[in-house]
Participant: 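First the structure, then my questions, so here it is.
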Amino acid sequence: MFQDSSQVLSPIIGLFINVSFQCVSFRYISNLALLKSVFLGFTVGLLGIFMLEFYALFTLSISSKDSIYILIVNFITYSSLGYCYFHFINLGETAQRIRIIRELYDSKDGLSTKEILERYNAKDIVEIRIKRLVNNGQIIYKEDRYYIGMPIMLLMAKIIVTMKIIVLGKRSEFDFK
Amino acid sequence: MLHSLNSTNPEQYLMKVLFWGLAYFCLAFFLHLIIWKVHIPKRQIKALLQIFLGTLFVGLFTLWAVSSLVANYGLFLPKGLSQYLHISLFFISLTLAYITTYSAIEVDSPSLVIVMTIARAGSKGLDKKSFDQLMTDDVLTKPRIRDLVVDKMVFIDKEKYRLTLKGVLFAKIFIIYRKLLNASKGG
């Protein structure tokens, strides 16, 4: 029974290994950047899935061909779950809504709009992101002017805008049809 | 699992999981697009979850009902609980990946607003003063506070925003997780 379930549930087991390894490595390996710890966790989780497949290959009466087929499905499933975990980390790191929720959580009497904006506002949001974008070369700041640097972020932004047009029928949440 | 593998061709096993998983995912996606063309729901993530999970449950029930009626005709239908579980897990992982991506479609992220604003200025660039005038709380912060009210994570009491139980639980998940990582407040 365990052996049967282990193959169906191997993406879940892989995700558990991924999350555990990412948390431990980020916390205890000094100088390890968050993004690197995410890739490390993903790789170790993937190795876990491979090991489960090898276990099934050598201990169960499953042919190598069967194992490869199941591995393909489980790899897609695991990658999707890994992608979700990456977004979960990203939410905690950069999402404005999570930051506002945390500010409200820390204020037992609640906060007015003005008080929220004193703690977290457009100036802070832009400052952090501009610094990040300039540091990784996506934006160039020269003589009090901003220019597009490397086109990767612009390409990603254009893909998201295209998806917005397809799904929502508008380019931005501030476009009103 | 073994029973399923031994009783069917392995290529068929994979094809069934891939085929039915992807078929139901595409069906749910098109349903979502059609609904969105008619009317975009106020609570979009909740509506997406209902559409995708509803499609999976109805789809699997239909498959199960059909397979119990025409089991002996050798149709391309899943067999056994493990294949249904495998299809469900595959479908749910794709759904969760789409929903996490959808949050970037639903609202304009600040990085996207920044990059698109600078890109619109073209090769002559955008001067800092004009840029700062465009990046206001009305564009970046206030809409997110409104979203929290719509999503019922926050309620207004005497002109003050307070967390609902859902908001408190949500905050705790991230606080515990970030404590585990020994990370800052973020944002």
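All chains are named by letter (A, B, ...) in the order of the sequence lines, taking the proteins before the strands, and each is independently numbered beginning at 1.
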Participant: Are A:Lys164 and B:Asp108 side-chain neighbours, meaning at least one heavy-atom pair lies under 4.5 Å?
Facilitator: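 A:Lys164 reaches B:Asp108 side chain to side chain.
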Participant: Please determine whether residues B:Phe57 and B:Ile87 belong to a single hydrophobic cluster, defined as Ile, Leu, Val, Met, Phe, Trp and Tyr linked transitively by side-chain heavy-atom distances below 4.5 Å.
Facilitator: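 Same cluster.
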Participant: Report, as yes or no, whether the 6.0 Å neighbourhood of atom NZ on B:Lys172 holds more than 12 heavy atoms from other residues, nucleotides or ligands.
Facilitator: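 Open: at most 12 neighbouring heavy atoms sit under 6.0 Å from NZ of B:Lys172.
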Participant: When rounded to the nearest 0.5 angstrom, what is the spacing between CG in A:Leu168 and CD in B:Gln44?
Facilitator: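 Answer for the CG-CD pair, A:Leu168 versus B:Gln44, is 6.0 Å.
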Participant: Can I get a per-line list of side-chain donor-acceptor pairs under 3.5 Å for residues 18-38 of chain B, giving both atom names and the distance, sequence neighbours left out?
Facilitator:
unit_1: B:Trp20; atom_1: NE1; unit_2: B:Phe76; atom_2: O; d: 3.0
unit_1: B:Tyr24; atom_1: OH; unit_2: B:Gly59; atom_2: O; d: 2.8
unit_1: B:His32; atom_1: NE2; unit_2: B:Tyr98; atom_2: OH; d: 2.8
unit_1: B:Trp36; atom_1: NE1; unit_2: B:Tyr102; atom_2: OH; d: 2.7
unit_1: B:Lys37; atom_1: NZ; unit_2: A:Ile166; atom_2: O; d: 3.0

Participant: Does atom CE of A:Met51 have more than 12 heavy-atom neighbours, drawn from other residues, nucleotides or ligands, at distances under 6.0 Å?
Facilitator: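 No, because the 6.0 Å sphere around CE of A:Met51 holds 12 heavy atoms or fewer from other groups.
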Participant: Which atoms of A:Leu133 are under 4.5 Å from chain B, going by heavy atoms: the side chain, the backbone, both sets, or neither?
Facilitator: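 Interface part for A:Leu133: side chain.
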Participant: For the residue pair A:Ala157 and B:Val115, what are the closest heavy atoms and their distance?
Facilitator: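 Closest approach of A:Ala157 to B:Val115, heavy atoms only: CB-CG1, 4.4 Å.
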Participant: Can you tell which part of B:Ser111 gets under 4.5 Å to a heavy atom of chain A, answering side chain, backbone, both or neither?
Facilitator: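 Its backbone and side chain both get close to chain A.
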Participant: Are A:Tyr146 and A:Ile140 connected in the hydrophobic side-chain network, where two residues link if heavy atoms are under 4.5 Å apart?
Facilitator: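 Shared cluster, no.
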Participant: Pick one of side chain, backbone, both or neither for A:Ile139, based on which atoms fall under 4.5 Å of a heavy atom in chain B.
Facilitator: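 The answer is the side chain of A:Ile139.
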Participant: Are the side chains of A:Thr113 and B:Asp137 in contact, using a 4.5 Å heavy-atom criterion?
Facilitator: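 No, too far: nothing below the 4.5 Å cut-off.
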Participant: Quick one, A:Met156 and B:Leu112 - any side-chain contact, counting heavy atoms below 4.5 Å?
Facilitator: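 A side-chain contact under 4.5 Å is absent here.
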Participant: Non-hydrogen atoms of chain B under 4.5 Å away: do they reach the side chain of A:Ile101, the backbone, both or neither?
Facilitator: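 Backbone plus side chain of A:Ile101, per the 4.5 Å heavy-atom cut-off to chain B.
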Participant: Under 4.5 Å between side-chain heavy atoms, counting indirect links through other Ile/Leu/Val/Met/Phe/Trp/Tyr residues: same cluster for B:Leu169 and B:Leu49 or not?
Facilitator: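 B:Leu169 does not cluster with B:Leu49.
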Participant: Working to the nearest 0.5 Å, report the span between CZ of A:Arg99 and CZ of B:Arg144.
Facilitator: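 That separation rounds to 16.0 Å.
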Participant: Do you know which two heavy atoms are closest between B:Thr141 and A:Tyr120, and how far apart they sit?
Facilitator: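 B:Thr141 and A:Tyr120 have their closest heavy atoms at CG2-O, 3.8 Å.
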Participant: B:Leu140 and A:Ala122: which non-hydrogen atoms are nearest, and at how many Å?
Facilitator: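 Minimum heavy-atom separation between B:Leu140 and A:Ala122: CD1-CB, 4.0 Å.
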Participant: Which residues in residues 122-132 of chain B have any heavy atom lying under 4.5 Å from a heavy atom of chain A?
Facilitator: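 B:Ser123, B:Lys124, B:Gly125, B:Leu126, B:Asp127, B:Lys128, B:Phe131, listed by number.
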Participant: Considering only heavy atoms, which portion of B:Ile114 lies under 4.5 Å from any heavy atom of chain A: side chain, backbone, both, or neither?
Facilitator: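 Side chain of B:Ile114 only, per the 4.5 Å heavy-atom cut-off to chain A.
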Participant: If you tally heavy-atom pairs under 4.5 Å against chain A, which of B:Leu96, B:Thr117, B:Leu148, B:Ile92 wins?
Facilitator: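 Most pairs with chain A among the choices: B:Leu148.
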Participant: Distance check, rounded to the nearest 0.5 Å: B:Ile145 atom CD1 versus A:Leu117 atom CG?
Facilitator: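 Reported value, rounded in 0.5 Å steps: 5.0 Å.
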Participant: Can you tell me how far CD1 of A:Ile116 sits from NZ of B:Lys142, rounded to the nearest 0.5 angstrom?
Facilitator: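 B:Lys142 atom NZ to A:Ile116 atom CD1 measures 11.0 Å (nearest 0.5 Å).
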Participant: Which bit of B:Ala171 comes within less than 4.5 Å of chain A, counting heavy atoms only: side chain, backbone, both or neither?
Facilitator: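 Contact with chain A involves both backbone and side-chain atoms of B:Ala171.
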Participant: Where is the tightest heavy-atom contact between A:Ile12 and B:Leu89, given as atom of each residue plus distance?
Facilitator: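 Residues A:Ile12 and B:Leu89, closest heavy atoms: CD1-CD1, 3.6 Å.
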Participant: Checking A:Lys108 against chain B: side chain, backbone, both or neither under 4.5 Å from a heavy atom?
Facilitator: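 Contact with chain B: backbone only.
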Participant: Does the side chain of A:Thr77 reach to within under 4.5 Å of the side chain of B:His86, using non-hydrogen atoms?
Facilitator: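 No. Closest side-chain heavy atoms not under 4.5 Å.
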Participant: If two hydrophobic side chains count as joined below 4.5 Å and joins carry through other members, does B:Val150 share a cluster with B:Val168?
Facilitator: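 Per the 4.5 Å side-chain linkage, B:Val150 and B:Val168 are not co-clustered.
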Participant: Please classify the contact of B:Met135 with chain A as side chain, backbone, both or neither, using a heavy-atom distance under 4.5 Å.
Facilitator: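 For B:Met135, heavy atoms of backbone and side chain both lie under 4.5 Å from chain A.
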Participant: Count the heavy-atom pairs under 4.5 Å between each of B:Leu85, B:Leu163, B:Thr95 and chain A, then report the option with the highest count.
Facilitator: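 Maximum pair count with chain A is reached by B:Leu163.
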Participant: Would you list the atom pairs, donor with acceptor, under 3.5 Å between side chains in residues 154-161 of chain B and any protein atom, with sequence neighbours excluded?
Facilitator:
unit_1: B:Asp157; atom_1: OD2; unit_2: B:Arg162; atom_2: NE; d: 3.0
unit_1: B:Lys160; atom_1: NZ; unit_2: A:Glu115; atom_2: OE1; d: 3.1
unit_1: B:Lys160; atom_1: NZ; unit_2: A:Glu115; atom_2: OE2; d: 3.4

Participant: Can you tell me how far the CZ atom of A:Arg97 sits from the CZ atom of B:Arg146, to the nearest 0.5 Å?
Facilitator: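 A:Arg97 CZ to B:Arg146 CZ: 12.5 Å, rounded to 0.5 Å.
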Participant: Determine, using the 4.5 Å side-chain heavy-atom cutoff (strictly less than), whether B:Val58 and B:Leu60 are members of one ILVMFWY cluster.
Facilitator: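 B:Val58 and B:Leu60: separate clusters.
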Participant: Once you round to the nearest 0.5 Å, how far does CZ of A:Arg27 lie from CG of B:Leu180?
Facilitator: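 Output value for this atom pair is 6.5 Å.
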Participant: Pair up each side-chain donor or acceptor in residues 78-91 of chain A with any protein partner under 3.5 Å, not counting sequence neighbours, and list the distances.
Facilitator:
unit_1: A:Tyr78; atom_1: OH; unit_2: A:Asn18; atom_2: ND2; d: 3.3
unit_1: A:Tyr78; atom_1: OH; unit_2: A:Phe42; atom_2: O; d: 2.7
unit_1: A:Tyr78; atom_1: OH; unit_2: A:Leu46; atom_2: N; d: 3.4
unit_1: A:Ser79; atom_1: OG; unit_2: A:Phe75; atom_2: O; d: 2.8
unit_1: A:Ser80; atom_1: OG; unit_2: A:Ile76; atom_2: O; d: 3.0
unit_1: A:Tyr83; atom_1: OH; unit_2: A:His87; atom_2: NE2; d: 3.2
unit_1: A:Tyr83; atom_1: OH; unit_2: B:Thr101; atom_2: OG1; d: 2.6
unit_1: A:Tyr85; atom_1: OH; unit_2: A:Gln22; atom_2: OE1; d: 2.5
unit_1: A:Tyr85; atom_1: OH; unit_2: B:Tyr177; atom_2: OH; d: 2.5

